[in-house]
There are 2 protein chains.
Amino acid sequence: MPDHTSPPDKRATIYDVAAEANVSPSTVSRAFSKPSRVNSETAERIRQVAERLGYRTNPLARALTTSRTHMIALVIADITNPVYAEIVRGAQEAAMSGEYTTVLIDAQESDRLERAAIERAMSTVDGIVLASSRMSDSAIRMFAKQRPVVVLNRAISDVPCVVTDNPRGVRRVAEHLGELGHDHITYVSGPQASWPNGTRWRALLEAGMELEIKVRQIGPFSPTIEGGERAAVELFARPATAVLAFNDQMAIGLIRGLNRMGVDVPGDVSIVGFDNIPAADIVTPGLTTVAAPLYAEGSAATRHLLTMIRGAHGHTGRPMVLPVRLVIRRSTATRNPSPGRARSPWVRQRPRPNPAARLS
Amino acid sequence: MPDHTSPPDKRATIYDVAAEANVSPSTVSRAFSKPSRVNSETAERIRQVAERLGYRTNPLARALTTSRTHMIALVIADITNPVYAEIVRGAQEAAMSGEYTTVLIDAQESDRLERAAIERAMSTVDGIVLASSRMSDSAIRMFAKQRPVVVLNRAISDVPCVVTDNPRGVRRVAEHLGELGHDHITYVSGPQASWPNGTRWRALLEAGMELEIKVRQIGPFSPTIEGGERAAVELFARPATAVLAFNDQMAIGLIRGLNRMGVDVPGDVSIVGFDNIPAADIVTPGLTTVAAPLYAEGSAATRHLLTMIRGAHGHTGRPMVLPVRLVIRRSTATRNPSPGRARSPWVRQRPRPNPAARLS
DNA sequence: CTGAAAGCGCTAACAC
DNA sequence: GTGTTAGCGCTTTCAG
């Protein structure tokens with residue numbers, strides 16, 4: 001049984017290899033650097049010896065001299081939110097293939113926590129990907145001054161950004177809802193510190209203008225199922241026939257909350273989400289939502305970060321924008337399906353005993 | 001606009017502080033170590049100077065001498081699986097409060113990937129938490145020889161483990177199903193490399209024995225919604241009235257797959273999952289499942305790891321076992337509700353147009 | 001192409 | 001308590 005009281009095994013060092021291979025330590029070092037600037041014959045011998053001794057270059061020592069740790073930080077707003085899973089995967093993959101290790105930081109939707117965690121990791125990483133950061137622009141810029149930073153899902157001038165085409169997504173939602181006969185859309189707002197939240201609302205305002213659809217906003221609510229349930233209560237007091245939620249979790253919460261109060265989705269109200277998380281496909285009714293290329297987001301941001309770390313100037317011009325698409329499921333339907341029923345959509349104000357009668 | 005071509009700002013070093021405060025570097029060092037073994041007056045002065053100079057101790061350099069990086073690795077089987085979210089949170093929290101940073105590694109359900117990633121991180125971390133590792137026992141033992149390791153959701157002799165009370169959970173499921181009149185339970189198996197998978201099956205065998213319930217197993221399938229859907233097809237060929245799935249994702253996939261084929265849950269078949277992920281509460285019908293204290297798992301494992309890193313011998317006796325509880329929702333029901341209907345549960349072999357008629 | 005020497009920023013022995 | 005002296009394992013000048 002291993003005893004970990006004392007520091008772990010001393011591994012073979014560069015000196016051991018050097019001695020064994022009859023060369024100087026610096027030659028061993030050179031044999032392991034990128035363009036192996038060593039006589040290919042001795043290089044081979046060195047590699048053999050290293051293999052035999054189980055030598056592994058010590059990243060810490062290397063980092064101390066090169067000031068490159070080969071680690072990047074990936075900060076996400078909330079690990080509990082499934083959207084980040086694919087983003088993390090994309091980032092990991094890109095990092096891996098660039099010989100980089102990823103340190104994941106979960107900000108738990110807290111500005112304060114996020115800053116603290118980044119501050120701690122700062123000196124240990126070569127760069128940072130900020131996915132859906134809740135920090136202020138100025139805080140982000142401050143970090144960006146000390147380390148390469150790429151921001152995901154947010155546009156900040158002077159910092160390289162990767163975003164999805166929110167305006168286009170919202171526009172598609174508005175068109176879709178319009179075609180179904182809705183002339184009024186309620187936006188259920190997420191965290192105010194969230195950049196896409198503001199962007200989506202503004203895009204909706206604009207789309208409403210062009211398509212002659214009235215819009216309004218309620219909230220903010222927490223971007224969770226629970227937040228959506230709370231929104232349902234408020235929505236119940238100020239009825240609507242079509243709702244766009246900040247994200248899928250909120251949309252799912254909305255459906256649940258409304259059902260509980262006897263409101264039928266999509267019979268009484270159509271609901272649209274954002275993100276296309278896996279759960280969007282398993283709720284009843286299936287959630288109409290705007291899908292983003294999550295994996296690509298993580299991967300693009302990370303690749304961009306790596307090029308910056310390697311010396312590029314991070315083209316800070318326009319943010320890189322990734323396409324989205326509208327996924328239509330069952331949570332959206334034509335308004336007032338039965339023509340004779342021109343009443344308010346919220347006719348049944350009393351909870352029905354069983355909300356399962358939505359055969360429509 | 002910052003130029004990252006050259007290494008980032010040289011930060012103030014211990015020497016700068018020493019010079020400014022008129023003390024030796026080692027004194028500065030001492031002033032920053034745990035029991036600050038320095039004249040409290042000069043300690044204060046040093047701290048002031050450090051503050052003014054924006055001095056931050058360089059963790060890399062520190063690690064080089066102490067061989068303690070203050071980082072641990074947390075390896076999870078699949079970041080896409082929501083169970084890990086809370087585990088990660090628990091681990092992060094525990095790590096944080098122990099002044100440790102967590103490096104998250106997503107193994108993507110791949111033995112190979114897992115090993116590779118750990119090998120890369122190995123020399124950079126002081127210890128490892130292996131959550132639901134897919135590696136062989138011997139591989140794990142090998143790592144455990146080089147670094148402190150705590151294994152989560154798996155029992156391996158000679159390595160400290162934290163597990164949940166799978167046998168008890170399964171037992172409760174069997175009892176519950178038995179009370180509902182089921183005399184036969186089908187276990188839908190997950191990954192064979194998964195320890196809890198085998199454990200749960202064996203526990204079911206045993207419980208079946210005692211409670212006089214017949215059991216059988218199908219699979220293995222991938223532990224995802226898709227895997228569950230595939231299992232549904234196989235299940236359709238060999239009907240059952242009660243099913244225990246390896247995890248919630250599979251259970252949800254099962255429900256979907258069965259519904260699609262015209263089989264009603266829980267009317268025709270009762271389904272139970274494992275884990276109580278958030279989605280278990282939002283599917284229709286709500287999923288009966290075995291809940292584990294996810295956050296506590298992550299936190300316990302990590303705290304244990306930290307004590308080992310600090311020199312304890314990792315009491316390798318029995319694994320630490322955490323309690324579970326059965327969460328009963330709508331996916332389980334009494335067998336053959338209408339007494340006159342003593343037919344096979346799979347009477348409707350043709351897909352029904354609408355599976356919503358489950359008012360039970 | 002290779003060796004020698006210096007040092008990254010910090011801590012750990014030792015002395016005083 | 002505090003200063004002095006060596007390094008941790010590697011890279012990087014600078015010579016040859």
Side-chain angles (χ1 to χ4, degrees), chain A residues 6-47 49-50 53-71 99 122-126, chain B residues 6-47 49-50 53-71 99 122-126 146 311:
Chain A
S6 51
D9 313 343
K10 296 282 170 218
R11 301 196 122 291
T13 76
I14 215 171
Y15 297 109
D16 303 328
V17 177
E20 201 79 358
N22 258 320
V23 288
S24 73
S26 40
T27 304
V28 176
S29 172
R30 285 192 270 259
F32 279 99
S33 58
K34 300 296 147 158
S36 171
R37 295 150 318 146
V38 172
N39 183 343
S40 62
E41 183 190 314
T42 54
E44 185 50 34
R45 181 161 42 100
I46 290 174
R47 221 156 281 154
V49 174
L53 265 50
Y55 167 76
R56 327 223 42 174
T57 150
N58 177 336
L60 269 56
R62 189 211 288 272
L64 195 55
T65 48
T66 61
S67 58
R68 288 272 173 277
T69 60
H70 275 233
M71 293 200 275
E99 308 260 79
M122 189 61 126
S123 48
T124 312
V125 298
D126 294 345
Chain B
S6 50
D9 313 343
K10 295 283 171 220
R11 300 196 122 292
T13 76
I14 217 172
Y15 297 108
D16 303 328
V17 177
E20 200 79 358
N22 258 318
V23 290
S24 75
S26 41
T27 305
V28 177
S29 172
R30 287 193 270 258
F32 280 98
S33 58
K34 302 294 146 150
S36 172
R37 297 152 312 152
V38 172
N39 183 343
S40 62
E41 182 190 316
T42 56
E44 185 49 34
R45 182 160 42 101
I46 290 174
R47 220 156 282 155
V49 174
L53 265 49
Y55 167 76
R56 326 226 42 177
T57 149
N58 177 336
L60 271 55
R62 186 210 290 271
L64 195 55
T65 49
T66 60
S67 57
R68 288 272 173 278
T69 61
H70 274 235
M71 293 200 275
E99 306 262 79
M122 190 61 126
S123 48
T124 312
V125 298
D126 294 344
Q146 306 174 56

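As a basis for the values below, the full set of heavy atoms in this structure was taken, side chains included, without hydrogen atoms, waters or symmetry mates. The model shown is predicted, which means the values in this text are computed figures rather than measured ones.
- Residues Ser123(A) and Leu60(B) come closest through the heavy atom pair O-CD1, 4.3 Å.
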Just list the side-chain donor-acceptor pairs under 3.5 Å for residues 23-32 of chain B, sequence neighbours left out, or say none.
unit_1	atom_1	unit_2	atom_2	d
Ser24(B)	OG	Ser26(B)	OG	3.0
Ser24(B)	OG	Thr27(B)	N	3.4
Ser24(B)	OG	Thr27(B)	OG1	3.0

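- Every residue meeting the side-chain hydrogen bond (donor to acceptor under 3.5 Å, both in side chains) condition with Thr69(B), not counting sequence neighbours, appears here in chain and number order: Asp126(B).
- With hydrogens and angles ignored, no donor-acceptor pair closer than 3.5 Å exists between the side chain of Tyr15(A) and the base of dC8(D).
- Helical stems in DNA chain D, defined as runs of 3 or more consecutive Watson-Crick or G-U wobble pairs with both donor-acceptor distances under 3.5 Å, are listed by first residue as C:1-16 with D:1-16.
- Side chain of Thr57(B), nearest nucleotide from dC10(C), dT11(D), dG3(C): dC10(C).
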side-chain contact (heavy atoms from CB on, under 4.5 Å) between Asn58(A) and Arg11(A), worked out: CA-CA 9 Å; Asn58(A) 177 336; Arg11(A) 301 196 122 291; over 6 Å; no
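- Residue Arg62(B) has a polar side-chain atom (N or O) positioned under 4.0 Å from OP1 or OP2 of dT11(C).
- In terms of phosphate contacts, Ser29(A) brings a side-chain nitrogen or oxygen within less than 4.0 Å of OP1 or OP2 of dT11(D).
- When all heavy atoms are compared, the tightest approach of Ile14(B) to Tyr55(B) is N-CE1, 3.5 Å.
- With hydrogens and angles left out, the side chain of Arg30(A) and the base of dG3(C) share a donor-acceptor pair within 3.5 Å.
- Under 4.0 angstrom from either OP1 or OP2 of dT11(D) there lies no side-chain N or O belonging to Ser33(A).
- Regarding contacts with the backbone of dT11(C), every side-chain N or O of Thr65(B) stays at 4.0 angstrom or more from both OP1 and OP2.
- Closest approach of Pro59(A) and Thr57(A) over heavy atoms only: CD-O, 3.1 Å.
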